Amino acid sequence: MPGESKLTLSVITAAVGGFIGHVSSHPDILDTAKEWLHTAREKGLIIDFHVLRCGDDLELIITHENGPDDRQIHELAWKTFMACQDAAVELKLYAAGRGILKDTFTGSLKCMGPGVAEIEFAERKSEPVLILMANKTSVGSWNLPLYKIFADPFNTPGLILDPTMLDGFSFRVSDIKEGREITLKTPAESHYLLALAGSPSRYIISGVFRNSDSDLAAVVSAQKCNIVGGKIAAKCEPAAIFRCQAGFPAVGEVMEAFSFPYLVEGWMRGSHTGPLMPVPFYEANPTRFDGPPRVIGAGFQVSDGRLIGPHDMFDDPSFDEARRTANQVTDYIRRHGPFQPHRMPEPEMEYTAMPIVMDKLRDRFKKIG
Ligand code: 13P
């Protein structure tokens, strides 16, 4: 990286069409995305890229020097998604284009459907980053691990062992019902943070900063303008970027937070709760009841903007027990069928026939007593 110039890492995600149903992504879709980004790299618009998928979500990982929310980069991602969508329509893949809310590019992707997580930084002597991407859940599902990684010394001993982390981290939290945000500083305001972040369908941690110098440590694909009617637009697929080591949590401290397959919202028809199962790339195919929800981890060393990797972070037998627990929790929670808390509360469900049911039954209700 020449001089002090800053690098931007953009992770842009969208559901462009499922193979088979909502399970996976067709290889043609990934190839189409790679061709578009390859051409952009040849033209010098971007420095490097990598294309991945988690379930049926397409993940574009791009480095460039244009800064976050850049028109050219967002337009490139938009055109890439459009080309992928055309390929999906051609193959009649499932729900082709469902992740795209609008069909003309308006200058920024942030209000258009895809999820966007972007972080700008001056590259350090060594720059390890982790990109986590989930499917069959929503962006609030990062709240729990973000708290553990950046505010809980039982997960992250670096909070008490690394002098640069001793002052803790601040969390930017969006209240999607009221369309407002607040920044809370830990450890001093940990309890306030937990009071909000424990309701992940309303309060979403969107970014984490180091208190000692306000350096951005993690970002999430949660955009204010993706809020539609008090909900994060369902197709804003969850991605999170973490800078690691030397003043930030170690790679293993980020990973540790995913050894517990905690419950998240968004499984089956976007309307069920289930355990988040950490899997290697090749196991990110949620088939049982369209799930259980999955998370993959891509590790990169960034070198002069080049993405050296990815390393498939959950391809490690030390996550076998988390996967086993997730399967046991799946067996248990599935037995609840249409009952809460497996089925999500009415206002949070992505699909519901309740208005039709109520319409049909309205006249048959009688006053009690
Ligand atoms: P996706 O949002 O991952 O396509 O899943 C939708 C769904 O309803 C699966 O049952």
Side-chain angles (χ1 to χ4, degrees), residues 11-26 28-30 33 51-60 81 84-85 87-89 91-101 109 112-117 132-142 200-201 204 220-223 226-229 231-240 263-279 281 283-296 326 330 333-334 336-338 340-354:
V11 179
I12 307 179
T13 72
V16 293
F19 172 71
I20 308 294
H22 293 289
V23 168
S24 189
S25 217
H26 192 277
D28 284 5
I29 302 297
L30 284 104
V51 175
L52 286 170
R53 54 124 207 133
C54 183
D56 59 352
D57 292 345
L58 181 60
E59 328 273 358
L60 311 180
F81 286 140
C84 292
Q85 183 177 293
V89 169
L91 296 171
K92 291 177 82 174
L93 298 184
Y94 195 66
R98 195 162 142 261
I100 317 282
L101 298 178
L109 274 181
M112 307 185 73
V116 184
L132 296 186
M133 294 150 280
N135 185 228
K136 307 299 179 254
T137 183
S138 51
V139 284
S141 62
W142 303 124
S201 52
I204 292 164
V220 160
S221 56
Q223 282 80 45
N226 267 353
I227 299 161
V228 178
K231 282 187 178 183
I232 282 280
K235 294 306 125 209
C236 175
E237 307 295 350
L263 294 173
V264 297
E265 293 184 339
W267 183 7
M268 179 49 87
R269 298 173 187 273
S271 307
H272 291 79
T273 297
L276 186 66
M277 182 188 269
V279 289
F281 300 159
E283 288 182 344
N285 307 303
T287 51
R288 179 176 176 186
F289 198 60
D290 286 358
R294 303 296 154 106
V295 57
I296 59 168
T330 294
I333 204 160
R334 275 299 302 123
H336 292 77
Q340 292 182 21
H342 183 30
R343 201 206 73 196
M344 283 157 55
E346 186 63 27
E348 315 302 343
M349 291 165 74
E350 196 180 328
Y351 297 91
T352 175
M354 196 58 111

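Order of appearance sets the numbers: ligands from 1, and atoms from 1 within every ligand. As the structure is a computational prediction, the values presented were derived from the model and not from experiment. Here, residue 1 is the first one in the sequence, and each next residue gets the next number.
Smallest separation of non-hydrogen atoms from Gln340 and Pro345: NE2-CA, 3.4 Å. Minimum interatomic distance between Ile333 and Trp267 (heavy atoms only, all atoms of both residues): CG2-CZ3, 4.1 Å.
Residue Tyr351 places no N or O, backbone or side chain, under 3.5 Å from any N or O of ligand 1. Among the atoms of Arg269, some N or O lies under 3.5 angstrom from an N or O of ligand 1. Between Asp56 and ligand 1, at least one N/O pair is under 3.5 Å apart.
Under the 3.5 Å distance criterion, with hydrogens and angles disregarded, no donor-acceptor pair is assigned to the side chains of Ser138 and Glu265.
Ring geometry for Tyr94 against His22 counts as perpendicular: the plane angle is over 60°, on a 0 to 90° scale with 30° as the lower cut.
Annotation for Arg334: atom CZ counts as buried by contact number, over 12 foreign heavy atoms lying within 6.0 Å.
Put simply, part of Gly270 is less than 4.0 Å from ligand 1, judged by heavy atoms.
Ligand 1 places these atoms under 4.0 Å from at least one heavy atom of Asn135: 3 (O). Applying the 4.0 Å criterion to heavy atoms of Met268 picks out, from ligand 1, the atoms 10 (O).
At a 4.0 Å heavy-atom cut-off, ligand 1 touches His22 through the side chain alone.
Of the inter-residue distances, the one linking Leu52 atom CG with Asp57 atom CG reads 12.0 Å to the nearest 0.5 angstrom.
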